Amino acid sequence: MEAGTISETLTNLKYKLNGIVPETELIVKAEIAYEINRLKKEKNAVILGHNYMEPALFFSIPDHVGDSLGLARIAAETDADRIVFCGVRFMAETAKILNPDRMVLLPAKVAGCSLAASITAQDVRELKAKYPGIPVVTYINTYADVKAETDVCCTSSNASEIVRKLDSDSVICLPDEFLAQNIARETGKKVIYPGSERSGRDDMVIWDGRCEVHEKFTVDDIERTRKQFPDAVVVAHPECSPEVVEASDYSGSTTAMTSFVKASDAKRFLILTECSMGDNIAAENPDKEMLRMCSIRCPHMNEITLEDTLKCLREDVYQIEVDEEIRLKAKRSLDRMLELS
Ligand code: 13P
Ligand code: SF4
């Protein structure tokens, strides 16, 4: 995104977000976005923006937007001096693992994730001891020390592909109980996932890794929407429960969901993921209606604001660091993922 002028920044934002974000808010945000884009050039920084970023930020400052996989690929290849990650901590950490010579900055001090917080490296070591020889596939929504204990990482856009390609009938899938169940259904492989012991199978272990956003969507939400809007096409992220995914018309990563809506001839969609992404898709598809449940937000993604991104660039905060021994091990599992997908 070029710096332009404040007035050009505002014109672009108004063009994209008319009817989605009030003009008074855009006037304030355009000034901050302009200053970020100016500083970004001066400091040779690249800004990566996850699809969940709030609309005014999403459409004004990132050089690249996308899902976890797309942004990880870009982070691995950039030669900018600084990578500013407008996303959550595990994403910025992944960028640092893949590109250690660059300064990687996260605009918020914490910006966690309920999935990443649900598992430790020691948990993975214990699982490996209990199920020796079974490959461990770990969702990218984890921290570096967990990735370091892993055979291969995956994201929502390549999880089933990676699991299919592994030369093993059984796979340990961490830490998202729902994603693991969705992978099991798609691949037909025996997936050992946290929480699966509740299914009554004695070869599985208990775990409670869930996305605090996607676990809240229910089949009831879908049924009530379909009753009110029979033409609505339901699009769900694979972190939703298997029942919700099954009751939906399409499931895929945040970028896959966006592309699906764009390519579809349908005129109305129920978007079962973080609400800001519904705003961003609505802005890109003015002829289509996005039904979204804005009471369900990701508090971690919402920590990233234009104001904090400006501070981040001005002061070079908050810098992401990863212990070198852990980084090298974690990189192996990320490299394997990038090779396999
Ligand atoms: P994507 O990889 O699909 O963007 O998902 C990241 C995420 O955190 C979804 O909640
Ligand atoms: Fe984590 Fe869920 Fe937020 Fe994504 S939406 S960052 S999985 S808590």
Side-chain angles (χ1 to χ4, degrees), residues 48-54 58 62 64-76 85-95 98 106-108 110-119 137-143 146-147 153-162 173-180 182-183 186 193-194 207-217 235-241 244-245 248 250-261 271-281 292-304 334 337-338 341:
L48 308 183
H50 186 261
N51 291 324
Y52 287 167
M53 289 298 102
E54 61 97 357
F58 187 81
H64 305 276
V65 292
D67 61 10
S68 312
L69 181 64
L71 295 179
R73 284 191 193 284
I74 290 162
F85 217 116
C86 290
V88 288
R89 174 165 292 266
F90 76 80
M91 295 178 176
E93 213 187 55
T94 300
L98 291 170
L106 182 68
V110 184
C113 166
S114 66
L115 282 170
S118 74
I119 191 156
V137 180
T138 295
Y139 199 26
I140 199 163
N141 297 39
T142 48
Y143 294 118
V146 166
K147 288 187 175 83
C153 285
C154 71
T155 75
S156 59
S157 62
N158 61 19
S160 292
E161 183 189 3
I162 301 260
C173 239
L174 305 170
D176 186 341
E177 179 180 349
F178 287 161
L179 181 71
N182 288 322
I183 295 171
E186 269 188 34
Y193 54 88
W207 212 278
D208 278 318
R210 286 186 186 182
C211 164
E212 68 191 82
V213 175
H214 294 92
E215 71 171 349
K216 294 200 182 89
F217 298 117
V235 186
H237 194 273
E239 289 166 12
C240 293
S241 75
V244 165
V245 169
S248 301
Y250 178 79
S251 176
S253 78
T254 54
T255 291
M257 292 168 84
T258 307
S259 307
F260 175 84
V261 172
I271 304 292
L272 295 180
T273 196
E274 215 287 332
C275 180
S276 291
M277 196 176 101
D279 289 345
N280 296 336
I281 302 182
R292 41 210 193 268
M293 297 169 64
C294 289
S295 57
I296 303 181
R297 310 298 298 252
C298 175
H300 316 292
M301 289 283 184
N302 277 282
E303 280 184 49
I304 309 299
L334 284 165
M337 170 185 83
L338 295 173
S341 65

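One-based numbering, in listed order, for ligands and for the atoms of each. Predicted model only: the values in this text are computed from it and were never measured.
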Engineer: What's the shortest heavy-atom distance between L69 and S157, and which atoms?
Structural biologist: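 Residues L69 and S157, closest heavy atoms: CD2-OG, 3.3 Å.
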Engineer: I need the minimum non-hydrogen distance between S160 and E186, along with the two atoms involved.
Structural biologist: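 In terms of heavy atoms, the two residues are closest at OG-OE1, 2.8 Å.
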Engineer: State, to 0.1 Å, how close N141 and P175 come at their nearest heavy-atom pair, and which atoms those are.
Structural biologist: O-CG, 4.4 Å
Engineer: Show me, by chain and number, every protein residue that has a heavy-atom distance under 4.0 Å to ligand 1.
Structural biologist: H50, Y52, D67, S68, N141, S156, H214, H237, E239, S253, T254
Engineer: What's the shortest heavy-atom distance between H214 and T273, and which atoms?
Structural biologist: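 What the structure gives for the nearest pair is NE2-OG1, 2.8 Å.
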Engineer: Got a sec, which residues hit side chain to side chain donor-acceptor pair (under 3.5 Å) with R292, two or more places apart in sequence or on another chain?
Structural biologist: D279
Engineer: What are the atoms of ligand 2, with element, lying closer than 4.0 Å to any heavy atom of E239?
Structural biologist: 2 (Fe), 7 (S)
Engineer: Identify the two heavy atoms, one from P238 and one from G252, that lie closest to each other, and give their separation to 0.1 Å.
Structural biologist: CD-O, 3.1 Å
Engineer: Sequence neighbours left out, what passes salt bridge (Lys or Arg N to Asp or Glu O under 4.0 Å) with R297? Give chain and number order.
Structural biologist: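 Here the qualifying residues are E274.
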Engineer: SG-SG distance between C275 and C294 under 2.5 Å?
Structural biologist: yes
Engineer: Can you name the closest pair of heavy atoms from Y139 and L115 and give their distance?
Structural biologist: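 Shortest heavy-atom separation between Y139 and L115 comes out as CE2-CD1, 3.7 Å.
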Engineer: Against heavy atoms of N141, which atoms of ligand 2 measure under 4.0 Å?
Structural biologist: 7 (S)
Engineer: Restricting to under 2.8 Å, identify the protein N, O or S atoms around atom 3 (Fe) of ligand 2 as residue plus atom.
Structural biologist: C298 SG
Engineer: In Å, rounded to the nearest 0.5 Å, how long is the span from SG of C86 to NE2 of H64?
Structural biologist: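 NE2 of H64 is found 13.0 Å from SG of C86.
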